[in-house]
Structures are given as structure tokens and as C-alpha cells.
There are 2 protein chains.
Amino acid sequence: MSLTAQNKQERTGRLSADDWAQAALDMIAEQGVAAVAVEPLARRLGVTKGSFYWHFPSRDALLVAALERWEKVEQETVFGQLEPIPDPRERLRALFTLVAHEFKSHVIYSELLKALDHPAVQPVIGRVSERRLDYLTASFRQAGLSRTDAQHRARLLYAAYVGFLQLNLQLHQARMQHDEFEAYVEHMMATLIPST
Amino acid sequence: MSLTAQNKQERTGRLSADDWAQAALDMIAEQGVAAVAVEPLARRLGVTKGSFYWHFPSRDALLVAALERWEKVEQETVFGQLEPIPDPRERLRALFTLVAHEFKSHVIYSELLKALDHPAVQPVIGRVSERRLDYLTASFRQAGLSRTDAQHRARLLYAAYVGFLQLNLQLHQARMQHDEFEAYVEHMMATLIPST
DNA sequence: ACCTGAACACCGTTCAAGT
DNA sequence: ACCTGAACACCGTTCAAGT
């Protein structure tokens, strides 16, 4: 049940579906979605690949389970920490700093962005994005923007965030350092979040 | 040498490396990077997969060749059409409308964004992004912004573009229609491109 | 309830032999 | 100069048999 990794030799008994799902998530964080393969995972868990199919009907089902697990945790941590903040501008700012600093969750999000190719990844990322987008839109409305303005602004802000992650993944040279990152986030918020 | 597709039965003679590269590009546009597989391509081209290895040392080499081909074409069409435009603001606007409307090139770009997972894709996308980013930065400088302002603004604008593409790929419901897309681009430019 | 081991399909890769 | 056909490795999947 624990969300922390349980590595190879550390187990005594037999495995559960959850163990496989967690191993898959760890693999995504370490080496990306493509690295989630039955044989290597079985090796890592110290069993034969045949046993995998007692727990899941397919590799895809494992991926889906792992991603659902991630989705639940990320939703709870992100929105759980945001709800108590009353001021909409503060909340917008908090969303970005949170999402940029929650380390492991953030690493996995980046990996998923890279693997949008995969049919199991798309719906999860889609739901997460939609939730965040709705949240941003609502906050902009509370901050006094009209319906369409709020929608456009939310889309622009979230696109700026996702695109920024993408750029950081893309650029070989010129990847940003921590300070520069903070400066950029400041610029983004100053430009896109209404200060009135 | 032609950049248009040459389908299966239409060829008489034997194949060249270029034929394989073009077939790979077509495949990317149709079904994504993952669909570039030797056996299916061989089937489509009407030969056995063994013959592929006369032209390329590996599947990866084919991908690299296909992507280089795309990179060259996209660079020529995009920047070729932009250079003659004197006003920097006009040029910024032109970059976005161009990049959003050049159909096939744009489809491939989207597919590559989804496959950033793949080691052959990253460097190409990285170079293209870097070129566009430099271009935006230069235009903002010409439009009168300071060095850091121009950098931030360019990054933000390009991130907004890339992120927007990502969002459109991600959201199951609520994918934007043509009119809505134009309205959003207007909003983005109005917000991010200085009008002075 | 969970695991092994052997089997098969699919795709990447190699290579000797064909034209 | 380009292609075939058979072979092998790797991974996903199945399944009968084990504990």
C-alpha cells in the first residue's frame, strides 16, 4: 500500500498488483514510459515474466494502473494544498510554485509529456490538464475577468507552463538553472496574472 | 529526390535510401513516430525487410535521416517566408500564422512533440525550437525590448505556442475549432507582443 | 493465491545467396 | 547495386503445471 519504492531483494513474500504498479511508476520516473517493460520489471522484482500475467492482463493494463495511481496522488497533493488559500491571485501563484517544486510528481509529469504518443498516457494527462485549466479559469473569474477573458487567460497561462516544461526538455544547451527558472516564473506571472 | 510520397505499386525500379526516408516521414505524419517500423514500411514499399539494411544500418538511422529531411524543409519554408517581412511585429505574427497553417509540416511537428521520448527526436526538436526562439528574441530586440525582457518574452511566447499545441493534443473534449483557434492566437499576440 | 517454464508471435538485425 | 529468405535475439502473451 505504501507509495515508496520497495526494491528487489527487500521483499519476503509474494507480489501484489500494487507492487507491480509501483515498480512501473518508479521505472517511469527513472527512465520514462518506454522503459516500462514486463521482462525488465520482472527481473527487478525477482520473478519470471510469466507471473506478471496473474496480476494484469497486459502491459498496457499495468501502465494504466500505474498512471491512475499517479493521477490520484498528484490530484490530492496539488489541490489539497491549494484549497485553503483564499486569494485567487495567491492561489494561481501557489499552483505554479507547487507544481514546479513537487519533485517526483513533477518528474513523472514531464516524462508523461514526452510520451503523449502512448494511448494510455493521453487520457491521464488530458484529465490532469483539464482539471488544472478549469481551476485556473475559475480563479481568473474570481479575480474579476469576464468568462471569455478568463478562459483565454487560463489557457495562455497553462500553455505557457506546459510549453516551458517542454522547452526545458527540448533545449540541449541553454537549459535553465534554478535562479533563472524563478525569474522566468516571475515574468510569466507578472505578465499573465492581473494585479488589480 | 521529390518530397511527395511515392506509394507502393507506383514504383517500377528499385528503392533508394531517400525513398525509405520519405516513407518514414509519411508514416510519422499518418501514425506517429512509433509507427516507423521496418517490417510495415517494407510491406508498404513492396519489398522484404531484409533489403532495408542495404540502405540503413538500423531503424534509428532511418528515423534520423527522415527527421533531418523534415528539419531542412521546415527551416526553408518557415524562415524563407519570414525574412522578407521588415516590421518585427508583423514578422512575429507571420511566424505564428505560418507555423499554425503549414499543414503537413505542422502535423509532423505535433507528432514529434508527442514523441520527445525518443532519443532521435529530441535533438531535432531542440534545434528547431532553439532557432525559432532565437528568432523571436531577435525580433523582440528589434521591437525595442531590453536583452533580458526580449529573452523572457520570447520564451514565454514560444512556450505559449508549444504549450497550446500540447493542450490541443491532450484535451479529449474541448479541442478547439478553427475560429476559436484564431481568436486564441489573437489573444496570445495581443497579450504578448508589444504594440508600441 | 502466486509463480515457473516452455511455447508462440512480432519486430529488429545479420548474412549468405540471388539478380 | 539492390533484394530474398532464413536465422537469431528480445519482448509481449498464453498456458499447463507447480507450491
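Predicted model only: the values in this text are computed from it and were never measured. Just so we're on the same page: letters track the sequence lines, and every chain starts at 1.
Applying the 4.0 Å criterion to OP1 and OP2 of C:dC3, one finds that A:His55 has a side-chain N or O inside that range.
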(request) Go ahead and write out DNA chain C as dot-bracket, 5' to 3': ( ) for pairs within the strand, [ ] for ones crossing earlier pairs, | when the partner sits on another strand, dots for unpaired; Watson-Crick or G-U wobble, both distances under 3.5 Å. (result) ||.|||||...|||||.||

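Residues meeting the salt bridge (charged side-chain N to carboxylate O under 4.0 Å, His left out) test with B:Glu39, sequence neighbours left out: B:Lys49. Legend: residues meeting salt bridge (charged side-chain N to carboxylate O under 4.0 Å, His left out) with B:Glu186, ordered by chain and number and at least two apart, are B:Arg93. Under the side-chain hydrogen bond (donor to acceptor under 3.5 Å, both in side chains) criterion, B:Lys72 pairs with no residue, sequence neighbours left out. Residues passing the side chain to side chain contact (heavy atoms under 4.5 Å, CB included) test with A:Ala183, sequence neighbours excluded: B:His152.
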Atom pairs, protein N/O to nucleotides 12-14 of chain C N/O, distance under 3.5 Å:
unit_1 : atom_1 : unit_2  : atom_2 : d
C:dG12 : OP1    : B:Val38 : N      : 3.4
C:dG12 : OP2    : B:Val38 : N      : 2.9
C:dG12 : OP2    : B:Glu39 : N      : 3.3
C:dG12 : N7     : B:Lys49 : NZ     : 3.2
C:dG12 : O6     : B:Lys49 : NZ     : 3.3
C:dT13 : OP2    : B:Tyr53 : OH     : 2.8
C:dT13 : OP2    : B:Arg59 : N      : 2.7
C:dT13 : O5'    : B:Tyr53 : OH     : 3.3
C:dT13 : O4     : B:Lys49 : NZ     : 3.4

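Side chain of B:Arg14, nearest nucleotide from C:dG5, D:dT4, C:dG18: C:dG18.
With values rounded to the nearest 0.5 angstrom, A:Leu113 atom CG is found 10.0 Å from B:Leu113 atom CG.
Listed by first then second residue, pairs satisfying salt bridge (Lys or Arg N to Asp or Glu O under 4.0 Å) with a partner in residues 106-123 of chain A read A:Glu111-A:Lys114, not counting sequence neighbours. Listed by first and then second residue, the salt bridge (Lys or Arg N to Asp or Glu O under 4.0 Å) pairs that reach into residues 132-146 of chain B are B:Glu74-B:Arg132, sequence neighbours excluded. Under the ring pair (Phe, Tyr, Trp, His ring centres under 6.0 Å) criterion, the residue pairs touching residues 107-143 of chain B are B:Phe79-B:Tyr135, with sequence neighbours excluded.
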